[in-house]
Amino acid sequence: MSFLANKTVIVTGASSGVGRAAAQELAERGARLVLSARAVDPLKAALEACANASHEAGFPGDHAMIAGSVAKAKVAESLVATAMNMGAFTGLIHAAGVLAPGPALWELDPDRFQDVFDASVHGAWMLIHTAMPALSHMENSFAVFLGSGAAEITQPGIAAYCAAKAAEEHMVRQLAVELPQVASMVYRPGIVDTPMQAKARASTGEMADKVSAVFSAWHERGELLTPQESACALVSLIEGGVRRFHGGIATVADASG
């Protein structure tokens, strides 16, 4: 029986990419899910896919969804309250992210800049703020935040994203020190074939050519992982125990190491 069976897990960014693939993988292993994303219809489709995955694996598939930005207190509070009501609330995966590729840092629209930081930084903190009081009292509880190698580089065309991921990853290190009873880690999912990648290849703005060249090269060389490959690695890492990566960074390679 999977460690995740009958445990409740919050997954943000669950409507597409690694977030959706991770949710389906969790569902197949018997987890109860509370899914979150800003777009309602894609989130409904993800919820249905998770229910089907659960049923095919012989589990009830009692999942829930809360649409909206997790940076908003009401959304985060609803996610945690729903997870608590479902029982055995054990962990969360924060996979929400916004890239906003193309514009130079000074050119980026203020609302888009806010979107990037809301998804990665404010959203992560709001989950920490609302979920940690509950998770701190749960045995084997965990919190996983999707990071990125972008946190360590300067890449023209995605400056806000690089800065936001650096801030998010550092916040996880702080969380690990301040709340050691919850196993917390950063998961860098690798270079994955997601809608975010496609947007980067088709971006416009002052730095569009520079960012598009990098993302297009990965695509042309066939270096992109599928969301399912990255998500399967992530869930395997969770089942193996987030504690061994507490306060640190795990990657796809760590799942096979």
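Hydrogens, waters and symmetry mates are skipped; everything else that's a heavy atom, side chains included, is used.
Checked for salt-bridge contact, R188 and E169 meet the test: a charged N lies under 4.0 Å from a carboxylate O. E48 and K44 are not joined by a salt bridge, as no carboxylate oxygen comes within less than 4.0 angstrom of a charged side-chain nitrogen.
Of all non-hydrogen atoms in P101 and S203, the two that sit nearest each other are O-CB, 3.5 Å.
Judged as a ring-ring contact (aromatic ring centres under 6.0 Å, His included), the pairs with a partner in residues 174-230 (not counting sequence neighbours) are, in order, F215-W218. Applying the ring-ring contact (aromatic ring centres under 6.0 Å, His included) rule to pairs touching residues 104-128 yields F113-F117, W125-H129, sequence neighbours excluded.
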- Query: side chain to side chain contact (heavy atoms under 4.5 Å, CB included) between L99 and K199: does it pass, once the steps are laid out?
  - Reply: CA-CA 8 Å; L99 190 64; K199 289 177 182 177; 5.6 Å; no
- Message: Apply side chain to side chain contact (heavy atoms under 4.5 Å, CB included) to residues I10 and I93 and explain how you reach the verdict.
- Response: CA-CA 6 Å; I10 292 172; I93 299 173; over 6 Å; no
- Start with the C-alpha distance between T82 and I66, add both sets of side-chain angles, then the distance that settles side chain to side chain contact (heavy atoms under 4.5 Å, CB included), and finish with yes or no. CA-CA 9 Å; T82 302; I66 306 291; 3.9 Å; yes
- How far apart are the C-alpha atoms of E168 and H94, what are their side-chain angles, what is the distance that settles it, and do they pass the side chain to side chain contact (heavy atoms under 4.5 Å, CB included) test? CA-CA 10 Å; E168 183 180 4; H94 181 48; 3.3 Å; yes
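Residues T130 and L79 form no side-chain contact, since every pair of their non-hydrogen atoms from C-beta on lies 4.5 Å or further apart.
With sequence neighbours excluded, no residue satisfies salt bridge (Lys or Arg N to Asp or Glu O under 4.0 Å) with R38.
Cluster membership for V182 and I238, using ILVMFWY side-chain heavy atoms within less than 4.5 angstrom, is not shared.
In this structure, CD in Q114 is found 11.0 Å from CG in D109, a value given to the nearest 0.5 Å.
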